[in-house]
Q: 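This structure is in structure tokens; I'll ask about it shortly.
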Amino acid sequence: MMTVLNAHNVYFLGIGGIGMSALARYFHTNGKNVAGYDRTASDITTDLRGLGIDIHFEDTVTAIPPAFLNSSKTLVVYTPAIPKSHQELQYFRSKGFKVLKRSEVLGEIAGQGTCLAVAGTHGKTTTTSILGHLLYDCDVPVTAFFGGISENYNTNFISKGTEVTVVEADEFDRSFLTLNPDMACITSMDADHLDIYGDAEALESTFRKFSKQVKANGTFFVKNGLPLNGLTYGLEDDSDFRAENIRISDGRYIFDFRTPNKTYKNFEFNLPGRHNLSNAIIALAMAATYGCPHQQLAKGLASYKGVRRRFTYHIKTEDLVLIDDYAHHPQEIEAVYQALREMYPEKKLLAIFQPHLYSRTRDFVEGFAESLSKFDAIILLDIYPARELPIEGVSSAWLLQKIKNPNKQLLKKTEVLDAIKKSDASVILTIGAGDIGEEVKTIKKAMVLAN
């Protein structure tokens with residue numbers, strides 16, 4: 001009988017997604033024949049094609065490579081973003097292929113060895129990439145799946161063996177309930193994905209359920225202050241694992257790492273923002289609990305470079321700064337703002353925000369208005385719809401009205417460069433989970449030429 005692990009061929013519907021492409025890399029690395037479909041070409045699909053993976057961009061059965069039409073040898077993996085009406089998905093289901101969601105496949109892979117899982121509405125990707133990097137640097141036989149592109153490895157998948165699997169435990173569509181980790185953490189439980197959950201209480205209940213899926217002899221960590229039982233972590237508080245004596249030197253954090261048994265001095269961390277430092281602490285806590293020595297952990301953390309589109313610097317000079325970030329929730333925007341204010345207390349900040357999803361804009365419009373109002377100037381772009389149809393009355397113009405800061409404007413993408421040229425802000429921030437990241441190269445080029 002064919003299983004996830006003994007399939008000869010693996011075909012992906014939505015292969016260009018960040019989570020799907022990591023799985024594609026995993027199967028390719030393990031000698032499987034891999035191919036797939038995606039709606040549009042991207043840097044990710046270009047990279048996968050560079051590995052020899054066959055990818056097409058038209059939803060038609062005739063485009064599926066012949067070798068993948070054998071149902072006894074082919075596993076089909078799909079993302080929830082693929083509609084039920086998709087022709088290829090309907091074909092595979094009608095012909096009796098083994099068709100699984102991405103989360104189900106990840107659950108099968110993670111169950112093969114020791115699984116370390118990172119959950120939370122914010123901080124998952126950064127924490128997972130720090131943890132994977134620390135274990136990799138400590139020579140642990142690790143396979144790690146990231147929800148973003150690691151700046152250290154220029155990929156969303158790293159593999160040094162199969163003893164440990166590090167995964168991002170995604171709450172969207174309740175995907176993380178396929179996991180039974182040996183060690184897990186929850187970084188945050190702020191309301192999000194209310195199009196899936198309905199309300200914050202249902203979301204919190206699902207996180208509680210995930211926490212109970214940690215194996216009986218496993219270890220569960222929780223951000224100090226969350227209403228869950230587990231080992232706690234935090235910054236300069238009474239947590240079981242915490243950062244103490246935090247200071248900033250040359251744009252990086254220096255701190256002492258306190259565990260239940262000992263304090264280790266002078267760890268270094270290069271990412272700005274106390275939210276990122278909190279992510280580093282839980283990654284250290286999990287790696288230390290697994291058994292990594294503190295000297296190697298300190299060395300590994302100091303060499304960590306971050307995740308693409310998580311506070312990514314594109315220009316960093318004395319007079320001009322351009323940063324791009326994936327923040328798409330009011331709490332994430334607030335965290336980025338606090339990081340900028342900590343690093344650039346005297347400089348003027350301009351935020352260019354592209355809201356992501358009509359439902360999220362509707363559900364958190366007051367929070368978005370409050371967090372965005374704190375910047376010195378704000379440029380809004382139209383809502384990026386992703387998988388959604390418009391909702392009546394929900395628009396960027398509606399959000400703009402609620403922003404109290406008068407230095408605000410709603411612009412088309414084509415108007416942004418002129419607005420930047422006219423601005424006297426020296427720190428420019430692009431934020432959002434849509435396609436705003438694709439505009440950064442153009443913005444950077446224009447800013448460099450203007451200066």
Q: With a 4.5 Å cut-off on side-chain heavy atoms, are His328 and Tyr384 touching?
A: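 Side chain of Tyr384 against side chain of His328, heavy atoms only: no contact under 4.5 Å found.
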Q: Can you tell me if Ser396 uses its side chain to pair, donor with acceptor, with the backbone of Leu381 under 3.5 Å?
A: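 Yes; at least one donor-acceptor contact below 3.5 Å.
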Q: Counting C-beta onward and ignoring hydrogens, is there a side-chain heavy-atom pair between Asn407 and Ile378 closer than 4.5 Å?
A: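 The answer is no; the side chains never approach within 4.5 Å.
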Q: Regarding Arg310 and the six-membered ring of Tyr326, is the cationic atom NZ or CZ under 6.0 Å from the ring centre and inside 45° of its axis?
A: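 Yes, Arg310 and Tyr326 form such a contact.
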Q: Only one of Thr430, Asp325, Asp324 passes side-chain hydrogen bond (donor to acceptor under 3.5 Å, both in side chains) with Arg309; say which it is.
A: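 For Arg309, the side-chain hydrogen bond (donor to acceptor under 3.5 Å, both in side chains) test succeeds with only one of Thr430, Asp325, Asp324, which is Asp324.
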Q: Does anything in residues 223-240 pair up under salt bridge (Lys or Arg N to Asp or Glu O under 4.0 Å), and if so which pairs, sequence neighbours excluded?
A: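 Applying salt bridge (Lys or Arg N to Asp or Glu O under 4.0 Å) to every pair that reaches into residues 223-240, excluding sequence neighbours, yields Glu236-Arg274.
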Q: Does a donor on one side chain and an acceptor on the other come within less than 3.5 Å for Gln338 and Glu334?
A: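 Judged by distance alone, the side chains do pair up.
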Q: Would you please indicate yes or no on a ring centroid separation below 6.0 angstrom for Tyr153 and Phe146?
A: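 No; Tyr153 has its ring centre 6.0 Å or more from that of Phe146.
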Q: Taking side chain as C-beta onward, heavy atoms only, is Leu271 less than 4.5 Å from Tyr253?
A: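 Side chain of Leu271 against side chain of Tyr253, heavy atoms only: no contact under 4.5 Å found.
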Q: Exactly one of Val336, Ile431, Ile428, Leu340 should register a side-chain contact (heavy atoms from CB on, under 4.5 Å) with Ile323. Which one does?
A: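 The residue from Val336, Ile431, Ile428, Leu340 that satisfies side-chain contact (heavy atoms from CB on, under 4.5 Å) with Ile323 turns out to be Leu340.
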Q: Verify whether one side chain among Asn279 and Thr127 offers a donor that lies under 3.5 Å from an acceptor in the other.
A: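 Asn279 vs Thr127: donor-acceptor pair found between side chains.
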Q: So, applying salt bridge (charged side-chain N to carboxylate O under 4.0 Å, His left out) with Asp376, which one of Arg341, Lys348, Lys347, Lys408 is it?
A: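 The passing option is Arg341.
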